[in-house]
Colleague: 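The structure under discussion is supplied below as structure tokens; questions concerning it will follow.
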Amino acid sequence: MARVGSGSELAAALLLMLGFPCLMLAAIIPSLWFFAVAVAVTYAADQFLHQRSSYLVNRLAKVRAGLSIRFLVRQLLLVLLLARMGFAEEPVFYVTVACLLGFYGLQAPHGAMVTLIRLRRKLPVVTRNVDLSRVRIPDAPPRPLLDRSAEKMLHLDVFAFIGVLIAVGTDRTVFAYAGLGLTLLLAVVYLVLLVPHLRPGRLVPPPDKVLAGVDAWLREYKPTVMLYFSGSRESAYQVNMWLDTMAKIDGRPLIVLRERNIVPQLGATSVPVICVPGGVHLMNLDLSTVRVALYAANVGKNIHMLRVPTMKHVFIGHGDSDKLASVNPYSKVYDEVWTAGRAGRDRYALADVGVRSEDIVEVGRPQLAPIRSWTGGPQKPIPTVLYAPTWEGWDDNPGNTSLLLAGENIVERLLNAERPIRLVYKPHPFTGTRSAEAKAVDARIRALVEAAAAARAIDPRWAAEAEADSADHAAARLVLERVEARLAELSGVSKAAGDEAEEARDSVADPAREAEIMKLKDEWNAAYWRSFGWWEHRVITGPEPRLYDCFNESDGMVSDISSVVSDYIASGKPYAVTDSAGLGEAEFRRQNTAVRAAVILSNSAAELDELLAAVSDGAADTRAEARRELKEYLLGPDEPTSLQQFDAAVQALAAQAEARNLGLRQRLAGPEQAPGLDDSTVGDTAVGG
């Protein structure tokens, strides 16, 4: 029951489960008004749970109590009520049975047509910023026809219920005939509206023609560097962090994804995107001009691209930390592994997992450019401390996250600090996905922060500040509304129609639009922090505000061993890291490079006073020089910039790939160039296997 969700969902679930026994009881007694109330309750509860995509709805389908069955049972109980009310020998009884059976029979052609339309509208690839004008993709059916179509069709029986119940109550069967007729008529109209969308001219071309159109575009665009990514919907942040870098490097970039559910989570970009779920389709895609493939995650589907010899393969990861994932033995399958600074190279040498030093290139972290440097003291009258723990990981290692053993201690000490601070709590998006205990702790921490925020709201000192700044907060909220409306317009969220195929057809690269979106996001971020007081505690979830925006707003941070710590070091601000596994300070520093300049916390978080002193008064900060030295070791030098280093590494590796392919052509051709053997032929042969 805990997995149902919110309290309102739980209440609706209980009403739904109790409603059907009540329906049966009302039909048997019989009681018309009891039956009518129970019908209304089950309709409302069912609709509410479906709109919320409740966990219970999915579970009911698994135990043969799905949507269609629930509607059928309700209709059978209506027939039972008619019989018990003395209408068993009346014509209205037989007409009701016949009409309900006819209505139920219409569900099959309706479901078949909706399924066929969806299947024939599904492209083998999903694209963004790719010209598919060669592929004839007609407009999508109106959204209301296909969205939640089964629910809409089944709910047409409400007119039959209303008519029959009124007829039973008034003894005027004309109402029953009218309601039943309206239900059947609307069901037939629904089917008629779907028929035109089954015509060949309204469906997308077969997969081979779509793929041929994509290949034709690839041959014209001639991509040179590719970012390849596979992962879950929740891991989209791992590819989003590289979008800006891909847009700025020299050459013709391309982003290749493997899962459809990542595409809607992709940030704004003018870089062409091709999502290819099928391995066979990917292997036959014309990527012969790509010379460098970049990988943001070590996942099994990488093998589908690693098999291509005409390009050089590079693991760039999605963060730089002392976690074991940063020295995964899988990394030795790549031609090169790129790290931010010297620390990454030393980390692989220490782990001894088969990645050679000559295959490691230090390129900095281009994504860290938005992080502002520390000014030496708090930005607001009271300092802001960010608590950004990582998630629980795939095993039960106590060192994975501070949440389980130290999280509540950290939050309570920060909230009850002798000198007041503002706490911003931003948990990892994966928190609670594997561990129910971590999910529960996260919920308790959110409650602590929200309760402390509520207490400050009524505290006279902070209430006076709120009154003084109320006009500015209201103005900021108006800015948020305006920016969000414009962002929705630019991202197509307010679009009334369209499906995946239509979006692929209409999506074109628009650098001006992307620039406006980035400007609006910066404006949104500034307005967000101005929309509430600099003293107000905050829980932040979701992609906005961005993690680096939280970095810039904070004066210090508490976190765990993760890339968050390495990234935060770019700011030069004080930070603390929790030794959740209880290794002891000396051993913890020895094993984890990123904590060499940190305040080390035990699970009691008793050491937080040192961090709080440093963020409150720059003169009390004894680790500033150590952080400067560690920053260069972890992230590389400030000059040349990370983007320049990264781009130079791409171009150098592309030249190596080109030299390899040239040498292969010469070896295959012998003394003279073989007729028809050019660079694209070598690429096609390699990619197609």
Side-chain angles (χ1 to χ4, degrees), residues 372-388 407-427 442-485 521-542 544-558 571 573-576 599 605 608-621:
R372 296 196 296 265
S373 298
W374 190 42
T375 58
Q379 305 169 72
K380 301 291 192 307
I382 62 172
T384 295
V385 176
L386 171 66
Y387 179 38
E408 290 171 277
N409 294 333
I410 291 169
V411 170
E412 287 175 351
R413 285 183 178 273
L414 289 173
L415 294 175
N416 299 313
E418 183 177 350
R419 288 189 289 184
I421 60 100
R422 173 175 67 168
L423 173 60
V424 173
Y425 173 56
K426 186 172 178 62
D442 173 58
R444 291 199 295 271
I445 288 177
R446 295 188 193 200
L448 283 172
V449 177
E450 289 165 358
R456 276 198 174 175
I458 59 175
D459 186 296
R461 173 185 173 184
W462 308 113
E465 296 285 357
E467 180 66 25
D469 293 348
S470 60
D472 186 49
H473 296 166
R477 286 191 288 270
L478 290 176
V479 172
L480 286 176
E481 292 178 7
R482 173 181 59 80
V483 171
E484 287 169 356
K521 285 189 173 182
D522 289 339
E523 188 177 355
W524 184 95
N525 178 69
Y528 172 81
W529 296 108
R530 286 195 301 109
S531 66
F532 55 90
W534 42 259
W535 62 90
E536 291 185 46
H537 302 302
R538 208 73 173 177
V539 174
I540 295 178
T541 58
E544 301 293 341
R546 297 160 294 193
L547 178 62
Y548 293 170
D549 295 326
C550 296
F551 284 4
N552 291 335
E553 187 68 16
S554 72
D555 301 296
M557 183 186 74
V558 180
S571 71
K573 297 175 182 178
Y575 67 104
V599 175
L608 268 175
D609 288 345
E610 181 184 347
L611 176 70
L612 294 177
V615 299
S616 299
D617 182 5
D621 179 17

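None of the values given here were measured: they were computed from a predicted structure. Because only heavy atoms are used, hydrogens play no part in the values below, and waters and symmetry mates are left out as well, while side chains stay in. The residues of the chain are indexed from 1 along the displayed sequence.
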Colleague: Looking at D522 and R546, does any basic side-chain N land under 4.0 Å from a carboxylate oxygen?
Modeller: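 Salt bridge: yes.
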Colleague: Taking C-beta and beyond as the side chain, do W529 and K380 meet within less than 4.5 Å on heavy atoms?
Modeller: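 Of all side-chain heavy-atom pairs linking K380 with W529, none is under 4.5 Å.
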Colleague: Go through the structure and list residues passing side chain to side chain donor-acceptor pair (under 3.5 Å) with D621, not counting sequence neighbours.
Modeller: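 Result, side chain to side chain donor-acceptor pair (under 3.5 Å) vs D621: R627.
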Colleague: Between L611 and V599, what is the shortest heavy-atom contact and its length?
Modeller: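 Between these two residues, the closest heavy atoms are N-CG2, 4.2 Å.
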Colleague: Between D472 and R530, does any side-chain N to carboxylate O distance fall below 4.0 Å?
Modeller: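 Looking at D472 and R530, the cut-off is met.
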Colleague: Sort out for me which residue in P383, P420, P574 forms a side chain to side chain contact (heavy atoms under 4.5 Å, CB included) with S616.
Modeller: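 In the set P383, P420, P574, the residue that makes a side chain to side chain contact (heavy atoms under 4.5 Å, CB included) with S616 is P383.
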Colleague: Find out whether the Lys NZ or Arg CZ of R456 is both under 6.0 angstrom from the six-membered ring centre of W462 and within 45° of the ring's axis.
Modeller: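 Geometry flag: set, cation within 6.0 Å and 45°.
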Colleague: Is any NZ, NE, NH1 or NH2 atom of the basic residue among E553 and R372 found under 4.0 Å from an Asp or Glu carboxylate oxygen of the other?
Modeller: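 Salt bridge absent between E553 and R372.
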Colleague: Within a strict 4.5 Å, meaning less than it, do heavy atoms of the F551 and S571 side chains meet?
Modeller: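 When only atoms from C-beta onward are counted, S571 and F551 do not touch, as no gap falls below 4.5 Å.
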Colleague: Looking at side-chain heavy atoms only, is the closest gap between P378 and W534 below 4.5 Å?
Modeller: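 Sidechains of W534 and P378: no contact.
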Colleague: Do the side chains of I445 and Y425 get nearer than 4.5 Å, heavy atoms only?
Modeller: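 Of all side-chain heavy-atom pairs linking I445 with Y425, at least one is under 4.5 Å.
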Colleague: Side-chain contact test, heavy atoms from C-beta onward, threshold under 4.5 Å: evaluate it for Y387 versus K426 and give yes or no.
Modeller: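 They are not in contact (no side-chain heavy atoms under 4.5 Å apart), so the answer is no.
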Colleague: Is there a side-chain contact between V449 and R538 in this structure, where contact means two heavy atoms from C-beta onward sitting under 4.5 Å apart?
Modeller: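 Not in contact.
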Colleague: Residues in side chain to side chain donor-acceptor pair (under 3.5 Å) with E408, at least two apart?
Modeller: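 Partners of E408 by the side chain to side chain donor-acceptor pair (under 3.5 Å) criterion, ordered by chain and then number, come out as R444.
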